[in-house]
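Note that the numbering runs from 1 along the sequence shown for the chain.
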Amino acid sequence: MLDYQTVRVQGDSPIDLLGFHVYVPVTEGVSVGAGLMGPLIAGQYGGFMGASVGVQGRIRLGGPVVALGALAAGGGAGGRSPEHAKKLSGTGSFVRGQLALGYDAGDFTVGAGVSSIKFRRSLIDNSQLNLFLDIPFSYLSGSYAQRGQPLSAADEQRAAREMGETMLSFSLDNYRQLQARGSYTGTVRTGEFQFAHFLTPELFWFANFASAYAGLPTYNQLLGGVGWRWRLAPSWRLYAQLGVGSGGYAPEQIDTGPGLLVYPKLSAEFALGKNLGLAVSAGYLSAPKGSSRNPTYGLTLTRHLRSGQGGDSAPAPASYEGLRLTLLHQSDTQLRFRDIARPALHMLGLQIDMPVSERWYLPLQASAAYTSYLGYPGYAEIFAGVGVQTQLVPGERVQAFGQLMAGANVHGKGAKVNAGLRYLLDERLAASLSGGRIEARSASGGRYSANNVVIGLDYRFSVPTR
């Protein structure tokens with residue numbers, strides 16, 4: 001679902017918010033999901049970002065007319081400056097409600113209604129008109145236990161016909177500022193996760209989330225767009241993509257104006273294996289309504305999930321590839337920064353695990369706080385690394401795991417270690433409890449350290465690939 005609203009801000013310019021949400025049905029008419037939202041063209045709040053989890057209800061009133069209702073909670077922050085963010089975003093926690101009517105055209109539903117957004121102890125507390133576009137999709141999946149197994153003949157035909165190719169990518173990107181007008185003038189270095197799906201063997205759409213790990217660690221962005229692929233040689237591919245979205249930090253530090261970003265990029269990928277590629281990229285990130293202009297360069301590791309021919313001349317046998325999505329609640333306790341004890345920090349997060357064997361997997365984790373940190377809203381972190389787990393035999397429900405990750409929080413580069421237990425509720429759902437430690441250092445040498453307790457809800461499944 002995409003939705004859009006312009007929110008009045010008490011005593012200040014309004015802020016417009018574009019939301020991107022993914023919902024998964026859990027029963028007839030009820031779905032649960034998660035989403036992100038950011039501003040585009042109203043106000044001067046570039047870098048404002050909110051993340052949430054929620055539930056949506058949908059009922060058909062008659063014919064093509066449907067009614068939607070949604071309730072979500074999460075965390076976010078932003079403002080013209082760090083001090084202004086305290087007023088605009090309060091503690092960083094928010095709740096959001098939506099009631100709307102829509103016209104179901106089959107391939108999509110479009111409609112309008114009323115949304116209410118309230119940030120705790122902030123200037124944002126308002127109800128406004130909300131416009132939305134809802135696009136349903138389906139995909140063939142198997143149980144997590146089926147990973148590595150071949151597809152049946154019927155499922156292989158369906159996968160080849162309906163699913164096509166998907167790419168999961170992790171990038172280290174660098175934005176070199178030109179004639180910067182904000183107080184930060186250096187290079188912004190980000191870690192980025194991108195999901196891309198091919199509509200044809202050459203044309204794809206994508207969604208990209210980025211968070212800085214060095215330079216300006218509080219920078220973040222959300223982009224979506226389309227791209228094209230050229231096959232230059234058996235092992236080489238060239239990609240061109242154009243992304244549009246929202247991002248930045250406080251405009252006084254990096255001037256993205258109200259937040260609108262445009263990002264064309266070229267990438268050259270070399271195949272490391274049948275489904276793994278390494279690419280170098282170059283692009284140009286700009287804020288049309290701000291002064292930020294940034295030539296970019298980066299390195300990307302991509303996992304290809306191919307269900308159909310994907311444009312290749314020779315088909316390969318299809319099998320199931322396992323994936324695990326985890327919704328996290330994390331509490332950092334016994335927190336210290338610059339050797340001073342600080343209040344506990346609470347956040348929501350999402351983790352994606354890509355198994356490489358029965359015991360080993362690659363985790364990617366992003367989290368955002370819904371409580372303030374050092375008096376400011378907007379704490380966030382992103383980490384990636386390696387995980388190990390015990391091998392389950394049929395009938396067992398308890399699995400031990402541990403993971404070691406590197407990444408960054410709002411201060412800069414850091415490391416994170418966790419270990420815990422996972423309890424299988426059924427073939428797709430599991431609950432987990434883990435504890436660990438996080439350490440990070442700021443550019444000025446300040447040390448962030450905390451113990452953490454993490455509660456997780458796993459959704460485990462597998463998808464066809466070749």
Q: Determine, for Glu252 against Arg80, whether the closest basic-nitrogen to carboxylate-oxygen distance falls under 4.0 angstrom.
A: no
Q | Lys/Arg N to Asp/Glu carboxylate O, Asp12 vs Lys87, below 4.0 Å | A | no
For a quick check under 3.5 Å, do [X] and [Y] share a side-chain donor-acceptor pair by atom type?
X	Y	answer
Tyr448	Asp332	yes
Ser372	Arg121	no
Glu269	His304	yes
Tyr361	Gln403	yes
Asn208	Gln194	yes
Glu192	Thr190	yes
Asp255	Ser291	yes
Gln241	Tyr239	no
Ser292	Tyr175	no

With a 3.5 Å distance limit and no angle check, can you tell me whether [X] reaches the backbone of [Y] through a side-chain donor-acceptor pair?
X	Y	answer
Asp3	Gly19	yes
Ser89	Gly78	yes
Gln128	Ser115	yes
Asn126	Val7	no
Asp134	Thr109	no
Thr390	Ala400	yes
Ser81	His84	yes

Hey, does [Y] have a side-chain heavy atom less than 4.5 Å from the side chain of [X]?
X	Y	answer
Ile352	Leu362	no
Asn275	Glu321	no
Gln330	Lys416	yes
Leu325	Leu327	no
Arg229	Glu165	yes
Asp339	Phe337	no
Glu381	Val410	no
Tyr213	Ile382	no

Please say whether more than 12 non-hydrogen atoms of neighbouring residues, nucleotides or ligands are located less than 6.0 Å from [atom1] in [X].
X	atom1	value
Trp360	CH2	no
Arg342	CZ	yes
Glu439	CD	yes
Arg181	CZ	no

How many angstroms lie between atom [atom1] of [X] and atom [atom2] of [Y], to the nearest 0.5 angstrom?
X	Y	atom1	atom2	value
Leu348	Ser367	CG	OG	8.5 Å
Ser122	Lys86	OG	NZ	14.5 Å
Leu299	Ser281	CG	OG	8.0 Å
Leu36	Phe20	CG	CZ	8.5 Å
Arg293	Leu178	CZ	CG	9.5 Å
Ile117	Phe94	CD1	CZ	7.5 Å

Q | Among Leu260, Val262, Thr256, side chain to side chain contact (heavy atoms under 4.5 Å, CB included) partner for Ser286 | A | Val262
(Q) Which label fits His411 and Tyr373: parallel for a plane angle under 30°, tilted from 30 to 60°, or perpendicular past 60°? (A) perpendicular
Q. Trp205 vs Phe195 aromatic rings, parallel, tilted or perpendicular, using cut-offs 30° and 60°?
A. tilted
Q: Could you check Arg58 against Asp104 for side-chain contact (heavy atoms from CB on, under 4.5 Å), going step by step and ending with a plain yes or no?
A: CA-CA 11 Å; Arg58 177 185 178 118; Asp104 186 352; 3.3 Å; yes
What are the two closest heavy atoms between [X] and [Y], and how far apart are they?
X	Y	answer
Pro14	Tyr45	O-CE1, 3.5 Å
Gly245	Leu40	O-CD2, 3.5 Å
His346	Ser331	ND1-OG, 2.8 Å
Leu17	Pro39	CD2-N, 4.0 Å
Ser141	Phe461	CB-CD1, 4.4 Å
Gly186	Gln177	O-NE2, 2.9 Å

Q: Report the C-alpha separation of Thr218 and Leu216 in whole Å, then their side-chain angles, then the decisive distance to 0.1 Å, and conclude whether the side-chain contact (heavy atoms from CB on, under 4.5 Å) test is met.
A: CA-CA 6 Å; Thr218 41; Leu216 190 59; 4.1 Å; yes
Q | Qualifying residues under side-chain hydrogen bond (donor to acceptor under 3.5 Å, both in side chains), relative to Asn418, sequence neighbours excluded | A | Asn452
Q | Sequence-distant partners of Arg338, side-chain hydrogen bond (donor to acceptor under 3.5 Å, both in side chains), two or more places apart | A | Ser444
Q: Take Asp458 and Thr326, measure what side chain to side chain donor-acceptor pair (under 3.5 Å) needs, and give me the verdict at the end.
A: CA-CA 4 Å; Asp458 302 345; Thr326 304; 2.8 Å; yes
Q.
Go through it in stages, so that I can follow the logic: the residues are Arg428 and Tyr144, the test is side chain to side chain donor-acceptor pair (under 3.5 Å), and I'd like the CA-CA distance, side-chain angles, deciding distance and then a yes or no.
A. CA-CA 7 Å; Arg428 292 190 181 243; Tyr144 191 71; over 6 Å; no
Q: Take Gln98 and Leu68 through the test side-chain contact (heavy atoms from CB on, under 4.5 Å) and record every step on the way to the result.
A: CA-CA 8 Å; Gln98 177 190 22; Leu68 298 179; 5.6 Å; no
Q: May I have the step-by-step check of ring-ring contact (aromatic ring centres under 6.0 Å, His included) for Phe48 and Phe119, ending in yes or no?
A: CA-CA 13 Å; Phe48 184 100; Phe119 275 74; 5.7 Å; yes
Q.
The test is side-chain contact (heavy atoms from CB on, under 4.5 Å); show your working for Leu168 and Leu364 and say whether it passes.
A. CA-CA 11 Å; Leu168 303 176; Leu364 175 65; over 6 Å; no
